[in-house]
Amino acid sequence: MIRFIHTADWQIGKPFACIEHPDKRARLRHERIEMIRRIGEAVRERQVSFVLVAGDLFDSSTPDTSTVSAACRAIGSIDVPVLVIPGNHDHGGPGSVWEQEFFLREKELFANNHRLLAKPEMTEESGVCIFPCPLIREQSADDITSLLRDPNVWTVAPAGKPRVILAHGSVQGLSSVSDDEEPMRFEPEFIL
């Protein structure tokens, strides 16, 4: 059995501007980092093979250096690969956090287990085929899952391996069967 943790919307660096007291804002920002460490504990306790982050790891496409450093150190404390797609808050467009020299240096120093999936290309992790649908812009009218409607996309995944689509936002109208076929049933084991 392959176990993984699926998460999204960590939004590390969120300013919590609606909270007036600065100590409370600081505590909430700190809790976001501690949440990553708790995910690492769950990974060890549950013998998880990898972690998926379906967008918005950061609250901004240009977080400050202390936020980037704290996030990379926390991610690096997780004992398995952490696969991340850009979301609307931390989109993968030009100039985003994912291209910044400081992020790349911190990732290399502290979070070698962090894998950015910034292209809509199948990747494999621990025997699972993952189809990332990253956001390249903060706002887009394009359907980021449109590539999945091409039947040839599915032929790149070896037969018999589980397939996971990793997307951020609302996904509508995606089905792997025609109208006159029975949909495939999948009953995931929720471990958290």
Side-chain angles (χ1 to χ4, degrees), residues 2-13 36 39 43 48-63 67-69 71-72 74-76 78-176 186 188:
I2 299 167
R3 290 183 179 198
F4 62 89
I5 294 176
H6 172 273
T7 68
D9 295 296
W10 292 4
Q11 295 181 342
I12 305 300
I36 299 172
I39 289 171
V43 163
V48 170
S49 298
F50 58 93
V51 175
L52 297 175
V53 182
D56 290 354
L57 187 146
F58 291 104
D59 190 57
S60 164
S61 63
T62 56
T67 298
V68 168
S69 186
C72 285
I75 290 167
I78 297 174
D79 298 331
V80 297
V82 177
L83 290 75
V84 178
I85 61 168
N88 59 309
H89 285 252
D90 59 3
H91 59 83
S96 72
V97 63
W98 313 115
E99 296 178 346
Q100 292 175 3
E101 190 175 312
F102 185 78
F103 168 77
L104 296 172
R105 189 171 48 248
E106 292 293 291
K107 177 189 172 300
E108 185 171 326
L109 286 172
F110 303 112
N112 281 326
N113 59 330
H114 177 284
R115 284 183 50 202
L116 180 66
L117 306 178
K119 295 181 179 178
E121 301 169 346
M122 190 215 59
T123 188
E124 193 172 330
E125 181 59 51
S126 303
V128 175
C129 299
I130 300 167
F131 292 85
C133 301
L135 285 168
I136 305 306
R137 292 181 300 281
E138 182 178 0
Q139 296 181 355
S140 176
D142 299 336
D143 177 5
I144 60 168
T145 64
S146 62
L147 74 117
L148 301 173
R149 288 171 183 73
D150 177 356
N152 295 323
V153 167
W154 302 106
T155 62
V156 300
K161 290 194 175 186
R163 299 170 182 180
V164 174
I165 298 170
L166 191 60
H168 183 80
S170 299
V171 178
Q172 299 175 0
L174 182 63
S175 175
S176 64
F186 174 69

Go through the steps to decide whether Val68 and Phe58 satisfy the test side-chain contact (heavy atoms from CB on, under 4.5 Å), and finish with yes or no. CA-CA 8 Å; Val68 168; Phe58 291 104; 4.3 Å; yes
Residues at least two apart in sequence or cross-chain that pass ring-ring contact (aromatic ring centres under 6.0 Å, His included) with Phe103, listed by chain then number, are Trp98, His114
Can you name the residues that form a ring-ring contact (aromatic ring centres under 6.0 Å, His included) with Phe131, not counting sequence neighbours? Trp154
Do Pro86 and Leu116 have side chains that approach each other closer than 4.5 Å (heavy atoms only, starting at C-beta)? yes
Those residues at least two apart in sequence (or on a different chain) that pass side chain to side chain donor-acceptor pair (under 3.5 Å) with Thr62 are Ser60
Asn112: which residues meet the side chain to side chain contact (heavy atoms under 4.5 Å, CB included) condition with it, sequence neighbours left out? Glu108
Side chain to side chain donor-acceptor pair (under 3.5 Å) against Ser49, all qualifying residues, sequence neighbours excluded: none
Report the residues that fulfil salt bridge (charged side-chain N to carboxylate O under 4.0 Å, His left out) with Asp9, sequence neighbours left out, ordered by chain and then residue number. none
Sequence neighbours left out, what passes side chain to side chain donor-acceptor pair (under 3.5 Å) with Asn113? Give chain and number order. none
Contacts of Leu109 meeting side chain to side chain contact (heavy atoms under 4.5 Å, CB included) (sequence neighbours excluded), chain-then-number -> Arg105, Glu106
When rounded to the nearest 0.5 angstrom, what is the spacing between CG in Leu166 and OG1 in Thr123? 11.0 Å
side-chain contact (heavy atoms from CB on, under 4.5 Å) for Thr67 and Asp59? Distances and angles first, verdict last. CA-CA 10 Å; Thr67 298; Asp59 190 57; over 6 Å; no
Residues in side chain to side chain contact (heavy atoms under 4.5 Å, CB included) with Val128, at least two apart? Ile2, Phe50, Ile130, Pro162, Val164
Counterpart residues, side chain to side chain contact (heavy atoms under 4.5 Å, CB included), relative to Lys161 (two or more places apart): Glu124, Cys129, Pro158
Start with the C-alpha gap between Val82 and Ile36, add the side-chain angles, then the distance that decides, and say whether side-chain contact (heavy atoms from CB on, under 4.5 Å) holds. CA-CA 11 Å; Val82 177; Ile36 299 172; over 6 Å; no
Is there a donor-acceptor contact under 3.5 Å from the side chain of Asp56 to the main chain of Trp10? no
Under the salt bridge (Lys or Arg N to Asp or Glu O under 4.0 Å) definition, can you give me all pairs with a residue in residues 110-119, not counting sequence neighbours? Arg115-Glu125
